[in-house]
Amino acid sequence: MRSYDDETLPLQPPIRLPDEATLAAAVRAAPLAKELGAEGGDAEVLAAWADHCRERLAADEGLLVELIRLFLSREPVKGEAPETLAGLGLVRTAEPYTLSWLGLWAARLIIADTTGQEIPVMGSLAGADAATLLHALRSYPEAERDEELAGWLKGRDRDDAVASLAAALATVSPLSRAVGVEVLSHDLGDEGRHALLRLLEEPKLGAVVAARTANPQRQPVPEEIAWVLVDMAAALLEFGDAPDEVIKSIAMGMNSEEQAATIAILAFGDHPWTGRVLQVFIDHHPDERIAAAARKALRRLRGLSDLRG
């Protein structure tokens, strides 16, 4: 069975699910519901069915792979639906067959179990804090992002919402930070843009904001250059982009000697993703000289980390 994890499974877009009562009704109507005796409130029924699906699918790797494949492709499949998936209510059995609402729900849970990736559900973030919102929005297409953001803003004081998003930028992951800058600069009007301007003088964060908004008022000081380069490359890595795209984001058309010199600089930054970015260069850069520079930089990074304590 293929191993799915955050290194191999790109971030998945949000899904739409009906309410809990509709999902629980689908469980009670499933052909195999009698295996659990189909009883209890909606939440209890769904929790028991989630465990039952995990157990049944763990016993048949082929079915588990089929469920994940159906989820990732979102495409109908010709032929007869697998009996167990149909019995669990996870597929619509008309040919070609597709995942049912219950199948989307179960596949989302199983992917979270096996990869740690929490695939967002549309409309579920209205009560979330700013950091949780930005984390979820990483995989949203533009239209869905606008819809989810509008739901999050509804009932909130706009100034408070902008301030909380701006404050979250310093603590979230690189891709979440990129999304936050995009939201503040393009979706929240003058309030959002002013909030970003107020961040420009912040060490490291201000340099990233300036780079992402192409603001010439703020140039990185030498010790920030490595942090900015890693943050922007790490956002691509976090999204699941191919290694060559991550490499290009730092190479930026430089020749081999210039790339090696830039790689050496990365070791002196303290960005938490530096090691992962350097590992991409070690594993995937076609020029052995640059891969060697990345190995040396990674050794130096680890040494400096030990000194910092």
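If you're wondering where the values come from, they're calculated on a predicted model, not measured in any experiment.
- In this structure, CG on L46 lies 11.0 Å from CG on D51, to the nearest 0.5 angstrom.
- For the pair T262 (side chain) and E258 (backbone), a donor-acceptor distance under 3.5 Å is present.
- Two residues are said to be in side-chain contact when any heavy atoms from C-beta on lie closer than 4.5 Å; Y140 and P13 fail this criterion.
- Between R300 and F268, the closest side-chain pair of non-hydrogen atoms falls below 4.5 Å.
- Salt bridge absent: R69 and E75 never bring a charged side-chain N and a carboxylate O closer than 4.0 Å.
- Between E238 and R177 there is no salt bridge, since no side-chain N of the basic residue sits under 4.0 Å from a carboxylate O of the acidic one.
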Checklist entry - Run the side-chain contact (heavy atoms from CB on, under 4.5 Å) check on R138 and S176 step by step: do they pass? => result CA-CA 6 Å; R138 296 176 306 161; S176 301; 3.3 Å; yes
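- A cation-pi geometry, defined here as NZ or CZ lying under 6.0 Å from the six-membered ring centre and within 45° of its normal, does not hold between R108 and W105.
- Counting non-hydrogen atoms of other residues, nucleotides and ligands closer than 6.0 Å to CD of E191 gives a total above 12.
- By the 4.5 Å heavy-atom criterion applied to side chains, R145 and V183 are counted as neighbours.
- In terms of modelled atom types and a separation under 3.5 Å, the side chain of E95 and the main chain of K78 share no donor-acceptor contact.
- Within the model, atoms NE2 of H52 and CG of L88 stand 5.5 Å from one another, a figure rounded to the nearest 0.5 Å.
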Item to check | I15 vs F71, side-chain contact (heavy atoms from CB on, under 4.5 Å): CA-CA, chis, key distance, verdict | outcome: CA-CA 10 Å; I15 62 172; F71 184 93; 3.8 Å; yes
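- Considering CD of E83 and OG1 of T93, their distance stands at 12.0 Å, rounded to 0.5 Å.
- Heavy-atom minimum distance, T213 versus V209: OG1-O, 2.7 Å.
- D60 contributes atom CG, which lies 6.5 Å from atom OG1 of T84 (distance to the nearest 0.5 angstrom).
- Checking each of L85, L63, L32, L64 against R56 for a side-chain contact (heavy atoms from CB on, under 4.5 Å) leaves exactly one that passes, namely L32.
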Item to check | Step-by-step side-chain contact (heavy atoms from CB on, under 4.5 Å) determination, L9 to Q117 | outcome: CA-CA 9 Å; L9 183 63; Q117 184 179 149; 3.9 Å; yes
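- Using a 4.5 Å heavy-atom threshold, the side chains of V91 and T98 count as separate.
- Sparse packing is recorded around CD of E80, with 12 or fewer heavy atoms of other residues, nucleotides or ligands lying under 6.0 Å away.
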Checklist entry - Could you walk me through whether Q259 and H285 pass the side chain to side chain donor-acceptor pair (under 3.5 Å) check? => result CA-CA 11 Å; Q259 285 188 54; H285 203 290; 2.9 Å; yes
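- Residues H284 and D244 have side chains that never bring a donor and an acceptor to within less than 3.5 angstrom of each other.
- The shortest distance between side-chain heavy atoms of L298 and T274 does not fall below 4.5 Å.
- Cluster membership check: W49 shares its hydrophobic cluster with L99, using side-chain heavy-atom separations under 4.5 Å among Ile, Leu, Val, Met, Phe, Trp and Tyr.
- Atom CG of D241 sits about 10.5 Å away from atom NZ of K248, to the nearest 0.5 Å.
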Item to check | Check against salt bridge (Lys or Arg N to Asp or Glu O under 4.0 Å), K204 and D231 | outcome: CA-CA 10 Å; K204 301 173 185 173; D231 201 66; over 6 Å; no
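- Contact of the L11 side chain with the L175 side chain is registered, since non-hydrogen atoms from C-beta on lie closer than 4.5 Å.
- Tracing side-chain contacts under 4.5 Å through hydrophobic residues (I, L, V, M, F, W, Y), one never reaches M122 starting from I111; they form parts of separate clusters.
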Checklist entry - Does the pair E182 and V179 meet the rule for a side-chain contact (heavy atoms from CB on, under 4.5 Å), with working shown? => result CA-CA 5 Å; E182 178 78 11; V179 170; 5.5 Å; no
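- Not a single donor-acceptor pair under 3.5 Å links the side chain of E148 to the backbone N or O of D146.
- Nearest heavy atom pair, residue R193 against residue S185, reads NH1-O, 3.1 Å.
- Remark: side-chain polar atoms of S124 are paired, donor with acceptor, to backbone N or O of V121 under 3.5 angstrom.
- Minimum heavy-atom separation, L134 to A168: CD1-CB, 4.3 Å.
- Remark: the backbone N or O of W152 is paired with a side-chain donor or acceptor of R156 at under 3.5 angstrom.
- Under the 4.5 Å side-chain heavy-atom criterion for Ile, Leu, Val, Met, Phe, Trp and Tyr, M252 and L266 are members of the same hydrophobic cluster.
- For the pair W227 and H271, the minimum side-chain heavy-atom distance is below 4.5 Å.
- Looking at every heavy atom in both residues, G151 comes nearest to A126 through O-CB, 4.0 Å.
- Taken together through direct or relayed side-chain contacts under 4.5 Å among Ile, Leu, Val, Met, Phe, Trp and Tyr, Y97 and L72 form part of one hydrophobic cluster.
- Across all their heavy atoms, C53 and L90 have their closest contact at SG-CD2, 4.2 Å.
- By the neighbour-count criterion of 12 heavy atoms within 6.0 Å, atom CD of E257 is sparsely surrounded, having that number or fewer from other residues, nucleotides or ligands.
- In this structure, D129 and L133 have side chains that are not in contact, with every pair of non-hydrogen atoms separated by 4.5 Å or more.
- At a threshold of 4.5 Å between side-chain heavy atoms, the hydrophobic network of Ile, Leu, Val, Met, Phe, Trp and Tyr places W101 and L109 in one connected group.
- Enclosure of atom CZ in R289 is not indicated, since only 12 or fewer non-hydrogen atoms of other residues, nucleotides or ligands lie within 6.0 angstrom.
- Ion pairing between R295 and D283 fails under the 4.0 Å rule for side-chain N and carboxylate O.
- Atom CG of residue L149 and atom CG of residue L165 lie 7.5 Å apart, to the nearest 0.5 angstrom.
- Considering every non-hydrogen atom in both S164 and A130, the closest pair reads O-CB, 3.5 Å.
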